[in-house]
S.K.: 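Questions regarding the structure given below will be posed in turn.
Just so you know, residue 1 is the first one in the sequence shown, and it goes up from there.
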Amino acid sequence: MRKLFFSESACKETKLHSAPHSWLPLERGKLSKFSGHAAAGSSIESLMKMPEPAVLPHFKPADYVDVLAQIHEELESCPPDDKSSLYLLQYQVFRGLGEAKLSRRSLQSAWEKGSTIHEKLIFGAWLKYEKKGEEAISDLLSSCSKCLQEFRLLDFVLQVSTGSHVINYDGDDDEFRGSAVVHFRIRDDMVACDRRKLAALSTPLYAMLNGGFRESYLEVIDMSRNGISPIGMRAISKFSLSGRLPYLSADAILEILDFANKFCCKGLKDACERKLASFVSSRQDAIDFMECALELGCSILAASCLQVLLNELPECLNDEQVVRIFSSANKAQRLTMVGNASFSLYCLLSEVSMSTNPTSDVTVSFLEKLVESASDSRQNQLALHQLACTKFLRKDYPESERLFNAAFSAGHLYSIVGLARLASLRGNKHFALKLLDSVMSSRWPLGWMYQERALYLDGDNKLENLNKATELDPTLTYPYMFRAASLMKRQSVEAALMEINRILGFKLVLECLELRFCCYLALEDYRAALCDVQAILTLAPDYRMIGGRVAAKQLRMLVLENVEQWTAADCWMQLYDRWSSVDDIGSLSVIYQMLESDTAKGVLYFRQSLLLLR
């Protein structure tokens with residue numbers, strides 16, 4: 001008789017194509033009998049090597065209700081400038097709770113309540129990243145201005161107001177020492193300017209043209225060594241008369257910008273920034289102009305570049321030049337780039353980077369900037385804890401311990417989990433238990449505390465703590481999976497199936513579906529096993545099972561060979577039955593199977609979207 005579960009050697013994909021499949025109790029055209037599940041023992045031992053639950057890089061306060069109530073109270077009374085940062089904190093709280101819809105709603109509120117253009121573009125880019133793949137929907141909803149605004153680039157150059165930068169005199173009769181017209185010699189060219197108008201551009205120019213300097217009495221001033229060309233000087237002269245720059249190339253405007261920065265001409269600098277912002281249309285443009293903007297302190301130009309870069313998340317983080325801009329920016333440069341929204345920016349960047357590769361150097365650099373940008377205790381707790389989690393995954397244990405300690409000392413109670421794991425890695429489970437007991441004795445215990453405590457116990461004590469964890473927090477996944485795997489080890493597959501169904505009844509978790517898939521294989525219920533693996537593929541098309549060693553698509557094909565094929569009519573009847581009985585997993589599975597055929601797909605995708613929204 002063939003073994004039921006997947007042995008260590010048989011799970012390797014290089015052997016999956018061997019015929020017959022020795023690791024699955026299947027034969028083409030018939031099902032083997034499976035009595036007492038005795039043959040599965042050695043393979044279940046492999047399945048029992050369950051990974052510990054991850055140390056989550058989320059903001060997890062000890063009392064969610066109290067923190068959410070506090071945020072709500074602060075939102076009612078805080079000035080408009082603080083609302084976006086509070087909604088960002090609310091987003092982090094909901095994210096720690098696993099409430100995806102509520103966290104997205106908080107991001108939406110942060111975008112709507114943004115008081116600066118930087119907040120608008122950061123949270124707008126964040127919403128676009130969260131809704132990746134929904135751009136086509138935005139085209140359909142283009143008649144709705146609210147939906148359109150979420151995806152389009154902001155024309156913020158028009159929204160940034162600029163005050164008057166003209167120097168005020170005592171009156172028009174203010175006496176100038178030199179002639180009314182002053183000429184600037186630039187190599188072989190002469191550029192005529194109105195002395196009074198040019199002096200009005202900045203205090204340094206006023207002092208030079210009507211102060212105690214020699215130039216106040218000269219009619220011709222040599223500007224050949226000031227880095228300005230005749231074209232640039234004529235444009236400056238026109239700007240002094242009309243307040244507008246003529247159409248020029250980007251290089252010419254950069255030259256004028258350098259002049260404006262050198263002579264402190266705020267109005268001219270502002271006009272140059274706005275002109276240059278219109279030239280930023282690609283990632284490389286944004287990179288090139290951002291370096292100039294940060295060097296010269298041009299906030300409008302920097303914001304324009306930032307918008308283009310954030311609009312290309314997450315792809316732009318594969319560009320070393322982009323990463324260098326964000327990871328090397330000092331405090332003054334961050335102020336130029338995003339104003340006071342530095343924490344929001346690095347929250348977004350670190351989240352995107354962590355979802356791509358939580359252990360990369362890029363993730364670490366962004367999280368370090370997040371720590372630097374934190375401006376209050378709660379922001380500091382989140383930043384320190386996230387950086388500690390990344391250091392922990394990178395096996396930089398001394399630094400992660402320092403950061404977990406700092407986060408815990410700042411008030412983030414959940415960081416004790418990281419300290420307990422580190423103690424356990426050093427072989428000191430007793431100290432890990434002591435840490436958790438000290439926290440649990442000082443306040444009302446939470447579900448995650450009992451779950452964590454169970455990791456350092458054995459036998460009945462372990463199960464007792466996991467049961468208590470489920471009682472306090474039924475949404476924790478690990479206790480159900482451990483109990484189910486323990487029952488499978490004792491060859492009580494039906495009981496294991498009942499246990500895993502407890503959580504799948506209200507929470508769809510891929511790992512739990514995978515474990516139930518194994519249960520159904522043990523029971524030789526291949527139709528039900530096929531249902532679960534197809535539901536997994538609907539939610540995660542590239543999902544890999546059995547510790548990441550086998551592609552779920554490959555398992556589906558193997559199980560499918562031993563299941564009677566449904567006709568299109570059968571599929572519609574099955575979908576009707578499952579939809580009527582509110583069997584979401586079964587409905588997703590049938591729809592997945594129907595989408596594999598030539599059935600009209602529009603209505604199926606619509607039904608699938610309704611299920612996924614639910």
Side-chain angles (χ1 to χ4, degrees), residues 84 88 107 110-111 114 116-135 138 149-160 250 254 257 273-357 360-370 372-373:
S84 283
L88 175 58
L107 275 185
W111 176 74
T116 67
I117 198 65
H118 299 105
E119 290 175 340
K120 285 286 188 182
L121 70 89
I122 290 170
F123 290 113
W126 204 329
L127 282 169
K128 182 179 179 182
Y129 170 73
E130 289 280 325
K131 299 177 181 181
K132 204 71 175 175
E134 296 180 19
E135 292 86 346
S138 74
Q149 287 173 11
E150 289 182 16
F151 290 101
R152 72 181 183 187
L153 291 176
L154 291 173
D155 186 12
F156 61 85
V157 172
L158 298 177
Q159 300 180 37
V160 178
L254 283 169
L257 177 61
E273 287 189 58
R274 291 168 185 270
K275 281 283 188 180
L276 288 172
S278 65
F279 286 94
V280 182
S281 58
S282 68
R283 183 193 302 175
Q284 193 57 50
D285 290 338
I287 292 169
D288 294 338
F289 285 116
M290 179 67 89
E291 292 175 353
C292 171
L294 296 182
E295 181 182 345
L296 299 178
C298 303
S299 57
I300 297 175
L301 179 58
S304 179
C305 298
L306 179 66
Q307 179 173 220
V308 171
L309 296 178
L310 294 184
N311 193 55
E312 294 190 16
L313 287 174
E315 292 81 7
C316 73
L317 296 187
N318 295 323
D319 191 320
E320 292 182 1
Q321 293 176 292
V322 175
V323 171
R324 186 174 65 251
I325 287 172
F326 290 129
S327 59
S328 64
N330 58 36
K331 187 174 182 180
Q333 290 172 331
R334 293 198 300 269
L335 188 63
T336 298
M337 185 163 51
V338 287
N340 293 320
S342 180
F343 186 82
S344 301
L345 172 64
Y346 286 100
C347 257
L348 168 60
L349 294 176
S350 58
E351 180 168 318
V352 174
S353 186
M354 280 192 291
S355 67
T356 304
N357 184 356
S360 68
D361 292 338
V362 175
T363 301
V364 172
S365 67
F366 289 160
L367 287 171
E368 287 173 346
K369 292 297 179 185
L370 187 67
E372 290 178 23
S373 304

S.K.: Under the side chain to side chain contact (heavy atoms under 4.5 Å, CB included) criterion, do Phe326 and Leu309 qualify, and how do the steps go?
M.R.: CA-CA 10 Å; Phe326 290 129; Leu309 296 178; 4.1 Å; yes

S.K.: Can you sort out the partners of Asn357 under side-chain contact (heavy atoms from CB on, under 4.5 Å), two or more places apart, ordered by chain and number?
M.R.: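 side-chain contact (heavy atoms from CB on, under 4.5 Å) check on Asn357 returns Thr359, Ser360.
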
S.K.: What pairs meet the salt bridge (Lys or Arg N to Asp or Glu O under 4.0 Å) rule with one or both residues in residues 297-310, with sequence neighbours excluded?
M.R.: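 The answer is none; no pair qualifies.
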
S.K.: List in chain and number order the residues that pass side chain to side chain donor-acceptor pair (under 3.5 Å) with Asn318, two or more places apart in sequence or in another chain; answer none if no residue qualifies.
M.R.: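 Expected list: none.
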
S.K.: My understanding is that only residues two or more places apart in sequence, or in another chain, count here; which of them pass side chain to side chain donor-acceptor pair (under 3.5 Å) with Gln284?
M.R.: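 In terms of side chain to side chain donor-acceptor pair (under 3.5 Å), with neighbours along the sequence ignored, Gln284 is linked to Asp288.
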
S.K.: Would you say Thr336's side chain and Ala332's backbone share a donor-acceptor pair under 3.5 angstrom?
M.R.: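 The answer is yes, because a donor-acceptor pair under 3.5 Å joins these two groups.
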
S.K.: Taking side-chain hydrogen bond (donor to acceptor under 3.5 Å, both in side chains) as the cut-off, I'd like each qualifying pair that reaches into residues 340-351, sequence neighbours left out, listed once.
M.R.: Tyr91-Glu351, Arg334-Ser342, Ser342-Ser373

S.K.: Applying side-chain hydrogen bond (donor to acceptor under 3.5 Å, both in side chains) as the test, list every pair that has at least one member in residues 321-333; sequence neighbours left out.
M.R.: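 Those involving residues 321-333 do not exist here.
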
S.K.: Applying salt bridge (charged side-chain N to carboxylate O under 4.0 Å, His left out), can you list everything that pairs with Asp285, at least two apart in sequence or on another chain?
M.R.: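 Testing Asp285 for salt bridge (charged side-chain N to carboxylate O under 4.0 Å, His left out), a comparison that skips the adjacent residues, returns none.
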
S.K.: Output the distance between atom CG (Leu107) and atom CG (Leu127), rounded to the nearest 0.5 Å.
M.R.: 5.5 Å

S.K.: Once side chain to side chain donor-acceptor pair (under 3.5 Å) is applied, do any residues pair with Glu312, and if so which ones, sequence neighbours excluded?
M.R.: Arg283

S.K.: What residues, two or more places apart in sequence or in another chain, satisfy side-chain contact (heavy atoms from CB on, under 4.5 Å) together with Ala110?
M.R.: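 Once residues adjacent in sequence are excluded, the partners of Ala110 under the side-chain contact (heavy atoms from CB on, under 4.5 Å) criterion are Tyr87, Phe123.
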
S.K.: Can you measure from SG (Cys316) to CD1 (Ile287) and round to the nearest 0.5 angstrom?
M.R.: 8.5 Å

S.K.: Does Ser355 have any side chain to side chain donor-acceptor pair (under 3.5 Å) partners at least two apart in sequence or in another chain, and if so, which?
M.R.: Tyr129

S.K.: Any donor-acceptor pair under 3.5 Å linking the side chain of Ser84 with the backbone of Gly114?
M.R.: yes

S.K.: Is the side chain of Gln307 donor-acceptor paired with the backbone N or O of Leu121 at a distance under 3.5 Å, no angle test?
M.R.: no

